[in-house]
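Take a look at the structure below.
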Amino acid sequence: EVQLVESGGGLVQAGGSLRLSCATSGPTFEDYGIGWFRQAPGKALEGVSCISSSDGDTYYTPSVEGRFSISLDKSKNTAYLQMNNLKPEDTAVYSCAVHDGYCSIFWMVGGRFASDYWGQGTQVTVSS
C-alpha cells in the first residue's frame, strides 16, 4: 500500500513563497503521474499541477501557470510544488495524489476518482 505524506504548508503573506513536498512510501507503478489538487472552503476540488515519472511532462492549471513549479526526485520518491507569488485565492487544502499512468489534464479533471492514492492534505493560507 502506497502512503503519501505531504508537508510544507503554512501561513504566508501575499507575494510570498512556499514549497510543498509529497513523500511516497511503498511500491509505486512503473509509470505514474504524481500531482497536487486543492480545495478551498465552499469550492470544488481543483487539479493544480502534475508531472509524469516517465518523461517529466507537466501540467499546470492556468491560474498558477508561471507562479508554481512541480518537480520529482525519483531517488527520494518525493515530489515538490514550488509556489511563488502566492495570492489569497491560492488558500486551500492541498492534497498530493498518484495516478497509474501519466500526468494528464484528464486526471486533473477527474480528481480523487481518477487517482489511485491520495494524501492527507496540508493547509496553505495566504493573507492579503
Side-chain angles (χ1 to χ4, degrees):
E1 179 73 16
V2 173
Q3 291 185 332
L4 309 180
V5 179
E6 300 107 328
S7 61
L11 173 64
V12 65
Q13 288 187 332
S17 298
L18 285 173
R19 188 177 79 156
L20 303 183
S21 299
C22 175
T24 66
S25 63
T28 56
F29 307 107
E30 180 174 351
D31 293 319
Y32 61 91
I34 186 166
W36 297 88
F37 295 81
R38 67 185 180 185
Q39 188 162 25
K43 294 190 176 181
L45 186 70
E46 178 185 27
V48 177
S49 179
C50 62
I51 185 168
S52 295
S53 69
S54 57
D55 59 8
D57 193 26
T58 60
Y59 165 84
Y60 297 95
T61 193
S63 64
V64 308
E65 189 86 50
R67 299 189 296 122
F68 290 12
S69 178
I70 192 169
S71 59
L72 173 62
D73 186 338
K74 291 192 282 187
S75 68
K76 297 182 178 179
N77 295 319
T78 300
Y80 304 95
L81 185 67
Q82 178 67 43
M83 306 186 295
N84 298 326
N85 190 22
L86 283 160
K87 303 176 180 181
E89 51 263 44
D90 294 317
T91 295
V93 174
Y94 285 70
S95 297
C96 176
V98 168
H99 166 69
D100 180 10
Y102 304 92
C103 165
S104 73
I105 189 172
F106 302 104
W107 173 35
M108 291 287 99
V109 171
R112 191 156 190 166
F113 298 103
S115 301
D116 294 278
Y117 300 105
W118 195 268
Q120 83 284 358
T122 185
Q123 177 70 45
V124 171
T125 303
V126 184
S127 63
S128 57

Requested in this report: Tell me, yes or no, whether the heavy-atom count around Glu65 atom CD, taken from other residues, nucleotides or ligands under 6.0 Å, exceeds 12.
Outcome: yes

Requested in this report: Would you check if Arg38 and Val93 make a side-chain contact, meaning some heavy-atom pair closer than 4.5 Å?
Outcome: no

Report task. Report the C-alpha separation of Asp73 and Tyr80 in whole Å, then their side-chain angles, then the decisive distance to 0.1 Å, and conclude whether the side-chain contact (heavy atoms from CB on, under 4.5 Å) test is met. Result -> CA-CA 8 Å; Asp73 186 338; Tyr80 304 95; 4.0 Å; yes

Requested in this report: Quick one: do Trp107 and Ser115 satisfy side chain to side chain donor-acceptor pair (under 3.5 Å)? Show the steps, please.
Outcome: CA-CA 7 Å; Trp107 173 35; Ser115 301; 2.8 Å; yes

Query - Contact summary for Leu4 and Cys96, nearest pair of heavy atoms - result: CD1-O, 3.5 Å

Report task. Kindly assign one of parallel, tilted or perpendicular to the pair Phe68 and Tyr94, based on the angle between their ring planes and the thresholds 30° and 60°. Result -> tilted

Query raised in the report: Going through the checks in order, is the side chain to side chain donor-acceptor pair (under 3.5 Å) test met by Ser54 and Asp31?
Result: CA-CA 6 Å; Ser54 57; Asp31 293 319; 4.6 Å; no

Requested in this report: Answer yes or no: is there a donor N or O on one side and an acceptor on the other, between the side chain of Asp116 and the main chain of Asp100, under 3.5 Å?
Outcome: yes

Query raised in the report: With hydrophobic residues grouped by side-chain heavy-atom distances under 4.5 Å, do Met108 and Val64 end up in a single group?
Result: no

Requested in this report: For side-chain contact (heavy atoms from CB on, under 4.5 Å), just list the numbers for Val124 and Leu18, CA-CA rounded to whole Å, side-chain angles, deciding distance to a tenth of an Å, and then say yes or no.
Outcome: CA-CA 9 Å; Val124 171; Leu18 285 173; 3.9 Å; yes

Report task. Please check if the side chain of Arg67 supplies one atom and the backbone of Asn85 the other of a donor-acceptor pair under 3.5 Å. Result -> yes

Query raised in the report: With no hydrogens and no angle check, do the side chains of Glu6 and Gln120 hold a donor and an acceptor under 3.5 Å apart?
Result: yes

Query raised in the report: Is the backbone of Ile70 close enough, under 3.5 Å, to the side chain of Tyr60 for a donor and an acceptor to pair up by distance?
Result: yes

Report task. Would you indicate whether the side-chain heavy atoms of Tyr117 and Tyr32 approach each other to under 4.5 Å? Result -> no

Report task. Go through the steps for Thr24 and Gln3 under the test side-chain contact (heavy atoms from CB on, under 4.5 Å), then give the verdict. Result -> CA-CA 6 Å; Thr24 66; Gln3 291 185 332; over 6 Å; no

Query raised in the report: With a 4.5 Å heavy-atom cut-off, do Val126 and Met83 have their side chains touching?
Result: no

Query raised in the report: Do Cys22 and Trp36 come within less than 4.5 Å of each other through their side chains, counting heavy atoms only?
Result: yes

Requested in this report: Quick one: pull up NZ in Lys43 and OG1 in Thr91 and give me the separation to the nearest 0.5 Å.
Outcome: 9.5 Å

Query - Cluster overlap Val2 with Val5, hydrophobic side-chain contacts below 4.5 Å - result: no

Report task. Kindly indicate whether the side chain of Leu81, heavy atoms from C-beta on, has any atom under 4.5 Å from the side chain of Ser49. Result -> yes

Query raised in the report: In terms of hydrophobic clusters joined by side-chain contacts under 4.5 Å, are Ile34 and Phe37 together?
Result: no

**Report entry** Donor-acceptor pair, side chain of His99 and main chain of Ala114, under 3.5 angstrom
**Finding:** yes

Report summary line: Nearest heavy-atom contact between Ala44 and Gln39 is C-NE2, 4.0 Å

Query raised in the report: Going from SG on Cys50 to OH on Tyr102, what distance comes out if it is rounded to the nearest 0.5 angstrom?
Result: 13.5 Å

Requested in this report: Check whether any side-chain heavy atom of Asp57 sits under 4.5 Å from a side-chain heavy atom of Cys103, and report yes or no.
Outcome: no

**Report entry** Over all atoms of both residues, closest heavy-atom pair of Ser52 and Asp55
**Finding:** CB-OD1, 3.4 Å

Query raised in the report: Checking Lys87 side chain against Gly15 main chain: does a donor-acceptor pair fall under 3.5 Å?
Result: no

Query - Over 12 non-hydrogen atoms of neighbours within 6.0 angstrom of CD1 in Ile105 - result: no

Report task. Evaluate the criterion side-chain contact (heavy atoms from CB on, under 4.5 Å) for residue pair Arg112 and Ser95; output intermediate values, then yes/no. Result -> CA-CA 10 Å; Arg112 191 156 190 166; Ser95 297; over 6 Å; no

